[in-house]
Amino acid sequence: IRMVIRPMSEARENILNRLRRNAGTPFHRPNPETAREAEWWARQPPVGYPGERFMAEAAKVGTTCLRVPDWEAVPAAVSAWVREHAVGSAMTGALPMLEPLRERLRADGVELHTYTETIEQQREEIFSVDCGITTVRAGIADTGSLLLVPTAVEPRLLSLAMPVHVALLEGQALYPT
């Protein structure tokens with residue numbers, strides 16, 4: 001085995017020289033005529049709205065995704081899902097934006113709890129609820145992953161302690177990768 005170690009400045013200069021030589025060369029896409037390149041292209045995620053990709057990836061791990069046009073449609077969609085799955089109780093953080101959802105769930109007979117105190121003060125309540133409802137900072141379409149950022153208003157336990165977690169993700173917070 002022969003190993004060549006070059007000082008950083010020489011390696012950097014070699015990379016820059018190659019880039020300078022190829023500056024006028026157009027980008028070359030792999031030729032799908034070869035089996036290896038066709039295989040590579042087949043594994044690439046589809047181009048388009050990342051929501052479709054996100055929902056497909058999330059479904060692979062048993063996640064149900066509901067797409068609604070705007071925040072005004074969230075209470076009706078979540079309420080219908082909660083009724084369909086016989087969720088008897090739910091807990092949300094005290095975010096003002098979730099008030100219409102809380103009102104709708106209460107009106108539909110769901111025993112609703114709001115996280116307003118410390119975890120120690122509401123521990124028993126947190127662990128006895130069927131469903132936690134939180135907002136989400138971002139979603140990653142390629143993996144169907146969610147980025148939750150715990151806060152004093154929405155602690156991590158709202159997504160972990162309950163058997164069911166409803167995550168509310170805005171479309172503009174969805175990223176391809």
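Note that the structure is predicted; figures quoted are calculated from it, not measured.
In the hydrophobic clustering of this structure, Val166 does not group with Leu158; members are Ile, Leu, Val, Met, Phe, Trp, Tyr whose side-chain heavy atoms approach within less than 4.5 Å, directly or through other members. By the rule that hydrophobic residues join a cluster once side-chain heavy atoms approach within less than 4.5 Å of another member, Val74 and Val110 end up as members of one cluster. Linking ILVMFWY residues whenever their side-chain heavy atoms come closer than 4.5 Å, directly or via other members, leaves Val136 and Met91 in distinct clusters. Linking ILVMFWY side-chain heavy atoms closer than 4.5 Å, directly or via other members, places Val129 and Ile119 in a single hydrophobic cluster. Leu148 and Leu157 sit in two unconnected hydrophobic clusters of ILVMFWY residues. Membership requires side-chain heavy atoms under 4.5 Å apart, directly or through other members.
Between Leu98 and Glu154, the shortest heavy-atom distance links the atoms CD1-OE2, 4.1 Å. For the residue pair Pro50 and Ala141, the shortest heavy atom distance occurs at O-CB, 3.3 Å. In this structure, Cys65 and Ala58 approach most closely via the heavy-atom pair SG-CB, 3.9 Å. Minimum heavy-atom separation, Val153 to Ala94: CG1-N, 3.4 Å. Summarising the geometry of Ala77 relative to Leu66, their closest heavy-atom pair is O-CD1, 3.9 Å, with the distance given to 0.1 Å. Between Ala138 and Tyr175, the shortest heavy-atom distance links the atoms CB-CE1, 3.9 Å.
Taken to the nearest 0.5 Å, the OG atom of Ser128 stands 10.0 Å off from the CD atom of Gln122. Between the CG atom in Leu95 and the OG1 atom in Thr151 there is a gap of 6.5 Å [rounded to 0.5 Å]. Taking OG1 of Thr92 as the start and CG of Leu105 as the end, the distance is 8.5 Å to the nearest 0.5 Å. Atom NE2 of His165 is separated from atom CD1 of Ile133 by 9.0 Å, given to the nearest 0.5 angstrom.
Hydrophobic cluster membership for Leu160: none, as no Ile, Leu, Val, Met, Phe, Trp or Tyr side chain comes under 4.5 Å of it.
Pairs engaging residues 95-110 under the salt bridge (Lys or Arg N to Asp or Glu O under 4.0 Å) rule: Arg83-Asp108, Glu99-Arg102, Glu99-Arg106, Arg104-Asp108 [sequence neighbours left out]. Evaluation of the salt bridge (Lys or Arg N to Asp or Glu O under 4.0 Å) test over residues 158-167, restricted to residues two or more places apart or in two chains, returns none. The ring pair (Phe, Tyr, Trp, His ring centres under 6.0 Å) analysis of residues 66-89, with sequence neighbours excluded, yields the pairs Trp81-His85. Listed by first then second residue, pairs satisfying salt bridge (Lys or Arg N to Asp or Glu O under 4.0 Å) with a partner in residues 115-135 number zero, not counting sequence neighbours. Under the ring pair (Phe, Tyr, Trp, His ring centres under 6.0 Å) criterion, no residue pair touches residues 108-164, with sequence neighbours excluded. Annotation: salt bridge (Lys or Arg N to Asp or Glu O under 4.0 Å) contacts involving residues 57-81, sequence neighbours excluded, comprise Glu52-Arg67, Arg53-Glu57, Glu57-Lys60.
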Candidate pair Ile140 and Leu147, rule side chain to side chain contact (heavy atoms under 4.5 Å, CB included), full reasoning: CA-CA 8 Å; Ile140 309 298; Leu147 174 64; over 6 Å; no
From CA spacing to verdict: side chain to side chain contact (heavy atoms under 4.5 Å, CB included), Met97, Thr135: CA-CA 10 Å; Met97 68 188 295; Thr135 57; 4.2 Å; yes
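Judged as a side-chain hydrogen bond (donor to acceptor under 3.5 Å, both in side chains), and not counting sequence neighbours, Thr116 has no contacts. Checked against side-chain hydrogen bond (donor to acceptor under 3.5 Å, both in side chains), Thr143 has the following partners two or more places apart in sequence or in another chain: Ser145. The side-chain hydrogen bond (donor to acceptor under 3.5 Å, both in side chains) search around Thr64 returns none, not counting sequence neighbours. The side chain to side chain contact (heavy atoms under 4.5 Å, CB included) test applied to Ala173 returns Leu169, not counting sequence neighbours.
Side-chain contact between Val87 and Met162 is absent, with no heavy atoms from C-beta onward closer than 4.5 Å.
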